[in-house]
Amino acid sequence: MHNFRQLRIWIDSVELAKDIYSLTQKFSNEHKFGIASQLYRAAVSIPSNIAEGSARKSEKDFRHFLSMSLGSTFELETQLIIAEQCNLAAHNDFENLLARIQSLQKQIKAFSNTISP
């Protein structure tokens, strides 16, 4: 078993979720329960799946949860692109977050490859 609190992918994904939450607070009220909610849910599911997977008894199960976490990063990336195209926040905010999401995707893939199948 892995201590998820010590995993860089978990630490980085928690920071990302907090920053996604901060971004969504800038959205107008009409978007708070639509795309903002979707963004935050996807962001929160990334570290949540890492944590849940780390408690599983087999490496195969952990890899499965890492795969779900990776899927959530792509879901988040897509939702962020949609939010940007709808002009919901500053372009610089989106660019920074997209770069961090793409970096996290690489980190999760690389970490997953270190776990025995």
Side-chain angles (χ1 to χ4, degrees):
M1 287 185 20
H2 300 267
N3 181 345
F4 67 90
R5 290 185 184 107
Q6 294 178 349
L7 297 175
R8 172 57 45 198
I9 56 174
W10 182 82
I11 294 166
D12 289 352
S13 61
V14 167
E15 288 301 314
L16 177 64
K18 289 169 27 182
D19 291 342
I20 290 290
Y21 179 77
S22 294
L23 174 73
T24 61
Q25 293 304 297
K26 298 175 186 177
F27 291 3
S28 66
N29 283 338
E30 68 184 283
H31 298 292
K32 293 269 183 185
F33 298 104
I35 190 116
S37 176
Q38 291 292 322
L39 281 161
Y40 191 58
R41 273 185 274 200
V44 167
S45 74
I46 300 166
S48 298
N49 278 312
I50 294 166
E52 184 174 354
S54 72
R56 298 297 170 144
K57 293 185 180 183
S58 76
E59 296 290 297
K60 181 180 177 184
D61 285 345
F62 189 25
R63 283 177 65 109
H64 173 72
F65 278 88
L66 290 173
S67 175
M68 291 192 306
S69 180
L70 181 62
S72 293
T73 67
F74 284 98
E75 180 182 358
L76 179 61
E77 181 178 5
T78 299
Q79 293 166 353
L80 199 57
I81 289 167
I82 292 167
E84 179 182 25
Q85 290 178 359
C86 292
N87 298 312
L88 296 179
H91 179 72
N92 289 345
D93 290 337
F94 288 112
E95 288 301 313
N96 175 276
L97 289 168
L98 283 172
R100 289 175 55 203
I101 291 167
Q102 291 163 352
S103 174
L104 185 58
Q105 289 164 345
K106 291 175 187 172
Q107 288 177 275
I108 293 170
K109 287 178 193 176
F111 181 74
S112 184
N113 288 336
T114 68
I115 297 175
S116 303

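With hydrophobic clusters built from ILVMFWY side chains whose heavy atoms lie under 4.5 angstrom apart, Ile46 shares a cluster with Ile115. Note on Leu70 and Leu98: same hydrophobic cluster, where clusters join Ile, Leu, Val, Met, Phe, Trp and Tyr whose side-chain heavy atoms are under 4.5 Å apart, directly or indirectly. Trp10 and Phe74 fall within the same hydrophobic cluster, where Ile, Leu, Val, Met, Phe, Trp and Tyr residues are linked whenever their side-chain heavy atoms come under 4.5 Å apart, directly or through other members. A continuous path of ILVMFWY side-chain contacts below 4.5 Å connects Phe4 to Ile11, so both sit in one hydrophobic cluster. In this structure, Tyr40 is not a member of the same hydrophobic cluster as Leu80, with clusters built from ILVMFWY side-chain heavy atoms closer than 4.5 Å.
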- Task: May I have the step-by-step check of side chain to side chain contact (heavy atoms under 4.5 Å, CB included) for Ile108 and Phe111, ending in yes or no?
- Result: CA-CA 5 Å; Ile108 293 170; Phe111 181 74; 5.8 Å; no
- Residue pair Arg41, Ser45: steps toward the side chain to side chain donor-acceptor pair (under 3.5 Å) verdict: CA-CA 6 Å; Arg41 273 185 274 200; Ser45 74; over 6 Å; no
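Residues Gln105 and Glu77 are in side-chain contact: their nearest non-hydrogen atoms beyond the backbone lie under 4.5 Å apart. Taking 4.5 Å as the limit, some side-chain heavy atom of Ile50 sits within range of a side-chain heavy atom of Ser13. Using a 4.5 Å heavy-atom cutoff, the side chains of Ser72 and Asn49 are in contact.
The side chain to side chain contact (heavy atoms under 4.5 Å, CB included) test with Leu39 singles out one residue from Ile82, Leu97, Leu76, Val44, and that residue is Leu76. Screening Asp19, Thr73, Asp12 against Arg100 for a side-chain hydrogen bond (donor to acceptor under 3.5 Å, both in side chains) leaves a single residue, Asp19.
When all heavy atoms of Ala83 and Phe27 are compared, the pair lying nearest together is CB-CZ, 4.3 Å. Nearest approach of Asp61 to Ser58, heavy atoms of both residues: N-OG, 3.0 Å.
Note that CD1 of Ile101 and CD of Gln79 are 9.5 Å apart. Values are rounded to the nearest 0.5 Å. Separating the CD1 atom in Ile20 from the NZ atom in Lys18 is a distance of 13.5 Å, to the nearest 0.5 Å.
Side-chain atoms of Asn96 do not come within 3.5 Å of backbone N or O of Asn92 as any donor-acceptor pair. No side-chain donor-acceptor contact under 3.5 Å links Ser69 to the backbone of Phe65.
Salt-bridge annotation for Arg63 and Glu59: absent, with no side-chain N of the basic residue lying under 4.0 Å from a carboxylate O of the acidic one.
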